[in-house]
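In what follows, a structure is listed as structure tokens, so that the remarks can point back to it.
Per chain, numbering begins at 1; letters A, B, ... match sequence-line order. Since we're looking at a predicted model, the values are computed, not measured.
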Protein chains: 2
Amino acid sequence: MNIRRQIALLKNLPSAARQTQIRERFAARSGVSVSGLALEFDVSAMTIRRDLAVLEDQAHIQRTHGGAVLTQRMMLEFDYRGRRENNGAAKKAIAREARKLVQSGQRLILDTGTTTLELAVLLKDALNITVITPSLAVASELQHAPGVEVILLGGVIRRGSPDLTGPATEHCLELFAADLAFQGADGIGLDGAIYNSDLRLARVDKIMRRVATQSCLLADHSKIGQTALARNGTLADVDFFITNTAAPAACLKRFARLGPKIITVKS
Amino acid sequence: MNIRRQIALLKNLPSAARQTQIRERFAARSGVSVSGLALEFDVSAMTIRRDLAVLEDQAHIQRTHGGAVLTQRMMLEFDYRGRRENNGAAKKAIAREARKLVQSGQRLILDTGTTTLELAVLLKDALNITVITPSLAVASELQHAPGVEVILLGGVIRRGSPDLTGPATEHCLELFAADLAFQGADGIGLDGAIYNSDLRLARVDKIMRRVATQSCLLADHSKIGQTALARNGTLADVDFFITNTAAPAACLKRFARLGPKIITVKS
DNA sequence: GTGTAAATGTTATAATATGTTCGTTTAGCT
DNA sequence: AGCTAAACGAACATATTATAACATTTACAC
């Protein structure tokens, strides 16, 4: 077949056929460009963009500025930055304060969650600590830190979420003892109740506090006054509660009477 | 494809595609230079710097003056990729044969190793199976497969190796029962002894066979006649042994007398 | 033909990427 | 240490691309 015929075959195609052709392009190179495809198929750039949007839904491509690339997921990668963080700045500040509670030689438990993940980032340069966690994100963040031994709890990988839960996790957790547990929460009631949005996580959280000498709750102000599916305890069960100053002062005063030391960070 | 075409493919790429290409440069060399990449992709040095900054954010590389080097995490990734390609065809063929042993609804154990990782790739479209594994690579490969429930064993993350070992792993494994265990090996003695290069892995392998009704050993011919640090059992303990036809026939005949069903694949 | 829905093209505006300049920092050398 | 050339990063200007809303064309049933 001559080249002119080949080119002609690419024009006036129904959309589905064109999308199939676009998909073939990825076999040769790792990325395609919108402008290149528009020329090749003799359609407007807008049409190509719409095609790529369709392909993004069904195929394994990811749109970028100027084109699209194959989403070749790395091995050993547990996507955790998928979701956009809500109170990113507050969470980082809370994590910085939590970092100050950690001393060399300690055994820590780090719960699942974005705030505890921020803490994990700060723990990379710690010396001689052990981190026990059910979170694959925390584990992959710390697995190359020279001063940190990472113990991953066993269990079922929750679908769409890089962490472990289930009876195996609970059983595994019972094998350990730790100095300090850091936990997040999906909601904190005005009465000081701590809530998780997942029942299995709540059970794990409860056990964490039991096997740790002390525990520390990390939650930004947006969680206060929220409730969620499962209650895993109250602020009376924790030793430290770190939040940001945007939290209502009256609440914090009430919480303090329950027992925990309240630490607030500016944000 | 001629060289001129190859070069053309690197130009006028959307930014994300270029970043992917840059990342692949590290597979060959351990470092890249800004000026070299700028020439290669026909963009300004500033653009390359910005690309490198993006890759650094993704924790893929670490920037240096004049270029960038791989992070430990990515070195591990490429190391794994390289090992997969050693006898890659044989490993894939063996994995394909192993896949045929698996039926819907079964509970499987997948050991650490590159051959079992190839099997994991083939199991992505399985229906309603459960995979129990100490390998983070296997877990990460299967974590988004809709028909697969992944159970990760707990334990200590071995430094420089994405898998779990230790007493916790062994204890965790005891909690489960499986239909079929797939294992690799670092060496198989001419007498049928199975070897691991790590003592802790050997202990885990032994337990795997105990908690699984049947077990299947996957190893290409290059492993036969090799020995390694720790012996975890013999071929008499396994039910299936899948290898490739490049294995010496005399050996296989001897192995068959020990009990396992020997399956060979062309390669 | 005519009506209708889907696909495509067009335009204006916003977002993003790239190149250039220039003052600052760095690595390597004597 | 002090020097030099290279590399870096910030800020700006420019060019490219994305998005949404609307207009147009096409396809197809009746």
Side-chain angles (χ1 to χ4, degrees), chain A residues 6-26 28-72 79 81-86 88-89 92, chain B residues 7-26 29-71 74:
Chain A
Q6 265 185 358
I7 289 174
L9 281 180
L10 297 179
K11 300 192 176 179
N12 301 318
L13 283 174
S15 62
R18 188 180 53 242
Q19 284 160 20
T20 305
Q21 286 291 324
I22 292 174
R23 212 186 297 211
E24 310 260 326
R25 292 290 175 285
F26 284 100
R29 15 185 196 162
S30 59
V32 297
S33 75
V34 169
S35 54
L37 290 172
L39 253 152
E40 195 169 2
F41 292 101
D42 196 27
V43 293
S44 73
M46 192 65 228
T47 301
I48 296 294
R49 282 192 205 101
R50 282 190 267 241
D51 285 340
L52 291 178
V54 170
L55 287 174
E56 187 175 37
D57 280 342
Q58 42 180 255
H60 295 206
I61 71 167
Q62 193 180 347
R63 301 193 53 198
T64 65
H65 290 255
V69 291
L70 274 179
T71 54
Q72 34 194 339
D79 290 321
R81 309 244 161 122
R83 265 169 293 178
R84 196 167 295 167
E85 286 193 34
N86 269 359
K92 280 193 176 67
Chain B
I7 289 174
L9 283 181
L10 297 180
K11 298 193 177 179
N12 301 317
L13 283 175
S15 61
R18 190 180 50 244
Q19 285 157 20
T20 304
Q21 288 291 326
I22 291 175
R23 210 177 45 195
E24 291 307 315
R25 289 286 173 288
F26 286 97
R29 277 173 291 156
S30 61
V32 297
S33 76
V34 170
S35 53
L37 290 172
L39 240 119
E40 194 168 5
F41 291 102
D42 197 25
V43 293
S44 75
M46 192 63 221
T47 301
I48 296 294
R49 278 189 212 105
R50 283 190 267 240
D51 286 340
L52 294 179
V54 170
L55 289 172
E56 187 176 36
D57 272 345
Q58 296 167 358
H60 289 150
I61 62 170
Q62 193 172 345
R63 302 193 53 193
T64 63
H65 287 258
V69 293
L70 273 183
T71 56
M74 289 304 285

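Dense packing is recorded around CZ of B/Arg63, with more than 12 heavy atoms of other residues, nucleotides or ligands lying under 6.0 Å away.
The side chain of A/Ser44 has C/dT10 as its nearest neighbour among C/dA17, D/dT19, C/dT10. Of the candidate nucleotides C/dG19, D/dC8, D/dA21, C/dG19 has the atom lying nearest to any side-chain atom of B/Thr47.
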(request) Under the side chain to side chain contact (heavy atoms under 4.5 Å, CB included) rule, what do B/Met74 and B/Phe26 come out as? Steps first, then yes or no, please. (result) CA-CA 9 Å; B/Met74 289 304 285; B/Phe26 286 97; over 6 Å; no

(request) Could you check B/Arg25 against B/Glu40 for side chain to side chain contact (heavy atoms under 4.5 Å, CB included), going step by step and ending with a plain yes or no? (result) CA-CA 11 Å; B/Arg25 289 286 173 288; B/Glu40 194 168 5; 2.9 Å; yes

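Within 4.0 Å of A/Arg49, counting heavy atoms only, lies at least one base atom of the nucleic acid. Among the protein residues, A/Ser33 comes within range of no part of the nucleic acid, since none of its heavy atoms lies under 4.0 Å from any strand.
Between A/Arg18 and the phosphate of C/dT8, there is a side-chain N or O to OP1/OP2 separation shorter than 4.0 Å. Between A/His65 and D/dT17 there is no side-chain N or O to OP1 or OP2 distance below 4.0 Å. Contact between the side-chain N/O atoms of B/Arg63 and the OP1/OP2 oxygens of D/dG9 is found at a separation under 4.0 Å.
Between the C1' atom of D/dC8 and the CG atom of B/Leu52 lies a distance of 12 Å, rounded to the nearest Å. At whole-Å resolution of the value, CD1 in A/Ile48 and P in C/dT8 are 9 Å apart. Atom CG in A/Asp42 sits roughly 15 Å away from atom C1' in D/dT26 (whole-Å rounding). In this structure, the CG atom of A/Leu37 is 18 Å from the P atom of D/dT16, given to the nearest Å. At whole-Å resolution of the value, CE in B/Met46 and P in D/dC8 are 9 Å apart. C/dA7 atom P lies 17 Å from atom CZ of A/Phe41, rounded to whole Å.
Heavy-atom nearest nucleotides on DNA chain D were determined for A/Gly67 and for B/Gly67, and the one closer to the 5' end corresponds to B/Gly67.
Between the side chains of A/Gln58 and A/Arg23, at least one donor-acceptor pair of N or O atoms lies under 3.5 Å.
A donor-acceptor contact under 3.5 Å links the side chain of A/Arg50 to the base of C/dG9.
In this structure, B/Thr47 and B/Arg18 have side chains that are in contact, with non-hydrogen atoms separated by less than 4.5 Å.
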